[in-house]
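Have a look at the structure below, then the notes.
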Amino acid sequence: MEIQRRTGGARARRTAAAVAGGLLAGLMVTATVTGCSSETVADERPGGESRAAAVAALHRAADVLVRSGSSRVRTTMETATGGTRVSIRGTGAYDFVRRMGRLRLVLPKDAMGTAEHEPITELLASGALFMRNRGAGIPPDKWVRVDTAGIPDGNLVTGGATDPLAAAELLRGARSVSLVGEEGLDGTLVWHYRGTTDIGRAARVASPGVRGPLAAAARGFAEHAVPFDAYLDRQGRLREVRHHFTVTSEASGQSSQSGQPGQSGQRGGTESGNTGSGTESGTGNGTESGTGSGARAGRSGRGSTPGPQGARRTLGVASTTELYDFGAPAAITLPKSSDIYTGRVESTRT
């Protein structure tokens, strides 16, 4: 079997979709996940691996990560809208035992190549997302806490990066799987699997710390099928996974419930409850941070489908998580309650 070799930078450049402005929160006004089901075929790995064995390997990927302890992380979230590709890239570390991670996200530049926003620091924990340097009138030394089980997409894309453990847990819903082949990934031999996973199915069997957010995603997404490409090494460790989502948002960029802080179709705001998921963050390119589900999901599909003012449009979003340097230290300390912002999130949109 021919072994194909790739590098991390080339993979990221070839990803077909990128995040449109900010942290994708404004695009998650009404979220819909769609995708063509992947045809189930027999694996052709030398020595033979049955379809059942391939599915089982993906189902236990999250458990293998927990046994691995920790790793360094690279994330990329991309989409294309209006003929422009935009991406949010992150780097950091993750402790799979404590189910905690830290990411530094670099937001898109404007058309002139000038950075519009300083990098955002995110702390990932069971059921919670902490963000610092988020903008929107929030003091730079304060953290914003978001209950991920209260976000309609379960924070699969809203935060600008998919939680690495949640990305692995999502594979527990894998159903149609085929083995693409063996490849060289950053000097490591990996098995490349392609298929679809089901959010609702994954939520039902996920680990307790991830079950709440995935259950929220199962309720908030109109379709549960998510195409993916996953790469496992000889130890069964997930080295990379790319999920292909399709989100539906208002073509005008406005939520049916947004415009006023604290209003949303479904609450998912800060610790104090003053900031609902329909508030506007103004981060990145000035999009709204709301993830309210007040507007009904429309038809969805691949790519971007523009429409008239106020109509819904679909955007293809690719979320890639890369794991490497297993065993590297991942020291994460969550902020104290006194360091968490409890006021309203202002809009910076003009």
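What you see is a predicted model; the values in this text were computed from it and never measured.
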Handout entry: Single-linkage hydrophobic cluster, 4.5 Å side-chain cutoff, L165 and Y324 together
Key =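 Hydrophobic grouping puts L165 apart from Y324.
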
Backbone N/O of [Y] and side chain of [X]: donor-acceptor pair under 3.5 Å:
X: D153; Y: T158; result: yes
X: N133; Y: P119; result: yes
X: H192; Y: D229; result: no
X: R211; Y: A206; result: yes
X: T76; Y: T320; result: no
X: T75; Y: G90; result: yes

State, to 0.1 Å, how close [X] and [Y] come at their nearest heavy-atom pair, and which atoms those are.
X: R172; Y: D63; value: NH2-OD1, 2.7 Å
X: A168; Y: L238; value: CB-CD2, 3.9 Å
X: A149; Y: R219; value: O-NH2, 4.0 Å
X: A174; Y: V55; value: O-CG1, 3.8 Å
X: A57; Y: L232; value: O-CD2, 3.7 Å
X: A218; Y: I199; value: N-CG2, 3.7 Å

Practice task
Decide yes or no on side chain to side chain contact (heavy atoms under 4.5 Å, CB included) for F326 and L65, but give the supporting numbers first.
Solution key: CA-CA 9 Å; F326 285 92; L65 289 180; 3.7 Å; yes

Kindly compute the distance separating [atom1] ([X]) from [atom2] ([Y]), expressed to the nearest 0.5 Å.
X: L214; Y: N155; atom1: CG; atom2: CG; result: 10.5 Å
X: E322; Y: E240; atom1: CD; atom2: CD; result: 4.5 Å
X: T188; Y: Q235; atom1: OG1; atom2: CD; result: 8.5 Å
X: W143; Y: L123; atom1: CH2; atom2: CG; result: 3.5 Å
X: R242; Y: R194; atom1: CZ; atom2: CZ; result: 8.5 Å
X: D163; Y: L170; atom1: CG; atom2: CG; result: 11.5 Å

For residues [X] and [Y], determine if any side-chain heavy atom of one lies less than 4.5 Å from a side-chain heavy atom of the other.
X: L323; Y: F96; result: yes
X: I151; Y: V146; result: yes
X: P164; Y: L124; result: yes
X: V144; Y: K142; result: no

Exercise for the section: Begin from the C-alpha positions of S207 and R99 and carry the test side chain to side chain contact (heavy atoms under 4.5 Å, CB included) through to its verdict. Expected result: CA-CA 10 Å; S207 301; R99 289 170 168 78; 3.7 Å; yes

Problem - Step-by-step side chain to side chain contact (heavy atoms under 4.5 Å, CB included) determination, T196 to H224 - result: CA-CA 10 Å; T196 58; H224 291 175; over 6 Å; no

Problem - From L156, V157, L105, residue fulfilling side-chain contact (heavy atoms from CB on, under 4.5 Å) relative to M77 - result: V157

Exercise for the section: Check step by step if side chain to side chain contact (heavy atoms under 4.5 Å, CB included) holds for M100 and Y94. Expected result: CA-CA 6 Å; M100 296 170 59; Y94 202 97; 5.9 Å; no

